[in-house]
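Structure, as structure tokens:
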Amino acid sequence: MAGTATQPTSRTRSWWGWGWTDAHPDDAECVAMGALLPGTSARPLPVPRVADLGIGAPAVEPPAALAHVVRTDPEDRAAHAMGKAYRDVVRALRGRPGRVPDLVARPRDEREVADLLDWAAEREVAVVPYGGGSSVTGGVEYRGDAHRAVLSLDLTAMGRVLEVDAPGRAARIQAGTLGPDLEAQLRPHGLTLRHFPQSFEFSTLGGWLATRAGGHYATGPTHIDDFVQSLRVVTPAGVSESWRLPGSGAGPSPDRLFLGSEGALGVITEAWVRLQERPVHKASAAVAFADLHAALEAVRLIAQSGLMPANCRLLDAGEAAMSGASHDGSAVLVLGFESAHFPVTDRLAQAVDLARSQGGRADGTSGPAGGTSPMGGAGGAGAAGGATGGRSTADGRRAADGDRAADGAVDAWRSAFLRMPYLRDGLARMGAVAETFETAATWDRIPGLIEAVRTEVGAAARKATGYPATVNCRLTHVYPDGAAPYFTVLAAGRPGDEVALWDDLKAVANDVLHRHRATITHHHAVGRDHRPAYDLQRPAPFATALRAAKHALDPAGILNPGILID
């Protein structure tokens with residue numbers, strides 16, 4: 001029943017930026033991108049080298065009994081020093097990564113995890129769980145000097161699907177399993193977790209659980225919370241393992257204590273997760289709107305209709321143009337439906353009709369083999385599903401031109417979605433600010449929130465740089481009672497001071513979110529960057545309870561210090 005982890009790829013991950021080194025824009029592409037954004041540099045910053053960081057010897061020696069799972073070489077330590085946020089990329093480019101961990105440990109089993117925690121508590125060594133290192137909120141770095149040394153805990157050596165309950169559609173999976181490995185091991189069983197965050201290729205199940213990650217799908221089960229049956233967590237105070245149950249009303253849920261705990265309360269080592277059959281029937285459409293407010297109303301109607309689209313992603317005019325989904329100033333709604341059992345073209349047709357009732361223009365619909373997942377053939381829902389339902393229009397008639405139009409918009413968005421983190425790093429090399437942040441709010445607050453973020457963040461960027469900024473928005477997830485806006489900010493930088501500039505712009509954005517009672521994060525986690533805003537959002541009695549839980553489970557205070565609570 002157990003799966004076997006896939007063999008490592010021959011490609012090299014970037015230690016300083018997103019993804020694979022061979023996928024990063026070259027100097028010429030960086031210059032071309034910079035030319036489109038006034039106020040950027042004429043030449044890109046050089047790709048940073050670990051040798052230039054001057055990383056010294058570790059402050060501690062690894063425990064002799066665990067030396068076989070610990071590395072101290074500068075390359076491994078540099079790669080585990082930060083996550084992949086814009087501010088992390090810029091710090092690496094400027095040779096200022098902050099405190100580099102002294103040790104990188106890759107335990108192979110739960111016993112070694114527990115032994116590492118025991119050793120760290122005795123030696124006053126901070127332990128920072130790393131996941132896949134894709135954090136964009138400062139969640140995998142150490143800040144401060146209260147600890148003698150820092151150990152980065154990388155669980156990717158624990159990357160197996162241990163057990164599959166096919167009739168119950170569930171699996172017991174080690175927390176260090178990366179997204180592609182997880183899906184590859186489930187595929188022979190005809191099952192999928194169906195959780196595809198943008199970081200899918202470079203993030204782990206444990207990281208998703210510890211940060212309450214959101215997947216690509218817009219409605220239905222999409223937060224990792226929805227998939228959890230039980231968790232097994234190693235804490236300095238002992239091992240916590242919840243029962244595997246379809247549901248329970250027995251007091252506060254123990255799983256809820258560790259979901260979103262970001263490594264501050266314990267190290268998630270295994271989880272039983274709910275699975276789904278792989279989709280076969282798929283259909284998608286792109287609907288254009290001349291007016292964003294009309295598009296928002298259409299999305300609200302679709303979200304409240306019970307149709308449950310897999311994809312219901314609204315791109316404002318700027319976002320649509322940037323991704324190539326639109327070239328006439330229209331906002332674009334990308335719709336997608338999928339099912340393992342039944343055709344979905346009727347549901348798509350009903351959703352398109354709701355969009356048309358608010359002035360949307362749908363030129364055509366399709367059932368492309370790539371499906372609705374942005375992962376496409378890279379191991380996500382598209383490849384996993386192996387769609388067999390042919391192309392069809394919503395009313396059952398062939399419409400080749402319309403099909404091509406829908407495919408073009410959907411495919412353009414999907415390609416841009418996967419390429420965007422690499423382009424962000426290229427713009428960072430040109431001295432530009434290029435970053436994103438996300439939130440969620442109720443429908444009554446969404447229009448005002450979007451307008452306020454655009455206006456106030458744009459004004460702050462212009463004041464700070466002297467150049468106009470671009471602030472785009474898309475809705476990534478929709479609910480009957482609200483939505484999750486996701487903002488992209490592109491602005492000229494201040495050479496050598498890019499991190500401070502972004503921090504200033506993010507502070508303006510956080511103030512807007514707080515005034516509109518929008519969450520500081522919908523799916524990127526709190527980390528260290530969002531901590532001040534989280535402290536304001538979190539109820540005071542809950543902070544007291546969380547502080548007590550931290551003290552009880554981690555009495556030495558070694559687990560990811562500074563995360564969630566002091």
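Small disclaimer: the values here were computed from a predicted structure and weren't measured. Below, each value reflects all heavy atoms present in this structure, side chains not excepted, and no hydrogens, waters or symmetry copies.
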Taking the six-membered ring where the residue is Trp, are the ring centres of H477 and H523 under 6.0 Å apart?
yes

Salt bridge (Lys or Arg N to Asp or Glu O under 4.0 Å) assessment of R172 paired with E163
CA-CA 5 Å; R172 180 166 67 98; E163 189 175 351; 3.3 Å; yes

What pairs meet the ring-ring contact (aromatic ring centres under 6.0 Å, His included) rule with one or both residues in residues 46-82, with sequence neighbours excluded?
H80-Y130

Salt bridge check, R111 against D115: does any charged N sit closer than 4.0 Å to a carboxylate O?
yes

In terms of heavy-atom contacts, A543 and R538 come closest through CB-NE, 3.3 Å

Look only at the side chain of S41 and the backbone of M430, and say whether a donor-acceptor pair between them is shorter than 3.5 Å.
yes

What pair of heavy atoms forms the shortest contact from P107 to D154, and how long is it?
CD-O, 3.5 Å

List the atom pairs, with distances to 0.1 Å, where a side-chain N or O of residues 544-559 and a protein N or O form a donor-acceptor pair under 3.5 Å, not counting sequence neighbours.
| unit_1 | atom_1 | unit_2 | atom_2 | d |
| --- | --- | --- | --- | --- |
| T544 | OG1 | A540 | O | 3.3 |
| K550 | NZ | A264 | O | 2.8 |
| K550 | NZ | D554 | OD2 | 2.8 |
| K550 | NZ | L559 | O | 2.7 |
| D554 | OD1 | G557 | N | 3.3 |
| D554 | OD1 | I558 | N | 3.1 |
| D554 | OD2 | I558 | N | 3.1 |
| D554 | OD2 | L559 | N | 2.9 |

With I520, the side-chain contact (heavy atoms from CB on, under 4.5 Å) member among D529, L513, D535
L513

Ignoring hydrogens, what is the shortest heavy-atom contact between E435 and Y86? Give both atom names and the distance.
OE2-N, 2.6 Å

Apply the test salt bridge (Lys or Arg N to Asp or Glu O under 4.0 Å) to residues D76 and R106: give CA-CA distance (whole Å), side-chain angles for both, the deciding distance (0.1 Å), then the verdict.
CA-CA 11 Å; D76 218 7; R106 291 182 176 85; 2.7 Å; yes

Check the pair E338, Y217 against side-chain contact (heavy atoms from CB on, under 4.5 Å), reporting the backbone distance first and the verdict last.
CA-CA 11 Å; E338 65 180 36; Y217 294 95; 3.5 Å; yes

Partner residues of D88 under the side-chain hydrogen bond (donor to acceptor under 3.5 Å, both in side chains) criterion, sequence neighbours left out
R91

Under 4.0 Å between a Lys/Arg side-chain N and an Asp/Glu carboxylate O for R528 and E141?
no

Work out which heavy atom in Y422 is nearest to a heavy atom in A23; give both atom names and the distance.
CE2-CB, 3.4 Å

Would you check if there is a donor-acceptor pair between the side chains of Q229 and R244 at a distance under 3.5 Å?
yes

In terms of side-chain geometry, is the basic nitrogen of E201 or R13 positioned less than 4.0 Å from the acidic oxygen of its partner?
no

Just wondering, more than 12 heavy atoms not from D145 lying within 6.0 Å of its CG?
no

SB check D225 R256 (cutoff 4.0 Å):
yes

Passes side-chain contact (heavy atoms from CB on, under 4.5 Å), I563 versus V526? Steps please.
CA-CA 8 Å; I563 289 291; V526 175; over 6 Å; no

Verdict with supporting geometry, R474 and T488, side-chain contact (heavy atoms from CB on, under 4.5 Å)
CA-CA 9 Å; R474 63 182 183 267; T488 299; 3.8 Å; yes

Please determine whether a side-chain nitrogen of the Lys or Arg among E262 and R531 lies less than 4.0 Å from a carboxylate oxygen of the Asp or Glu.
no

Counting N and O atoms only, with roles assigned by atom type, does the side chain of H524 sit under 3.5 Å from a partner on the main chain of G214, one being a donor and the other an acceptor?
no

So if I apply the side-chain contact (heavy atoms from CB on, under 4.5 Å) rule between L191 and each of L275, D165, V161, which one comes out positive?
L275

Whether the Q174 and T269 side chains hold a donor-acceptor pair (N or O, under 3.5 Å, no angle test) is what I'd like checked.
no

Quick one: closest heavy-atom pair of A78 and V100, and the distance?
N-CG1, 4.1 Å

For residues E241 and S230, is any side-chain donor paired with an opposing acceptor at under 3.5 Å?
no

Side-chain donor or acceptor of T204 paired with backbone N/O of G207 under 3.5 Å:
yes

Under 3.5 Å, side chain of E498 to main-chain N/O of A432, donor-acceptor pair present?
no

Are any of the side-chain nitrogens in R94 or D497 under 4.0 Å away from the carboxylate oxygens of its partner?
no

Could you report the tightest heavy-atom contact between A428 and V90, atom names first, then the distance?
CB-CG2, 4.3 Å

Using 30° and 60° as the class boundaries, would you call the ring planes of W502 and F437 parallel, tilted or perpendicular?
tilted

Using only atom types and a distance under 3.5 Å, with no angle test, would you say the side chain of S203 pairs donor to acceptor with the backbone of S134?
no

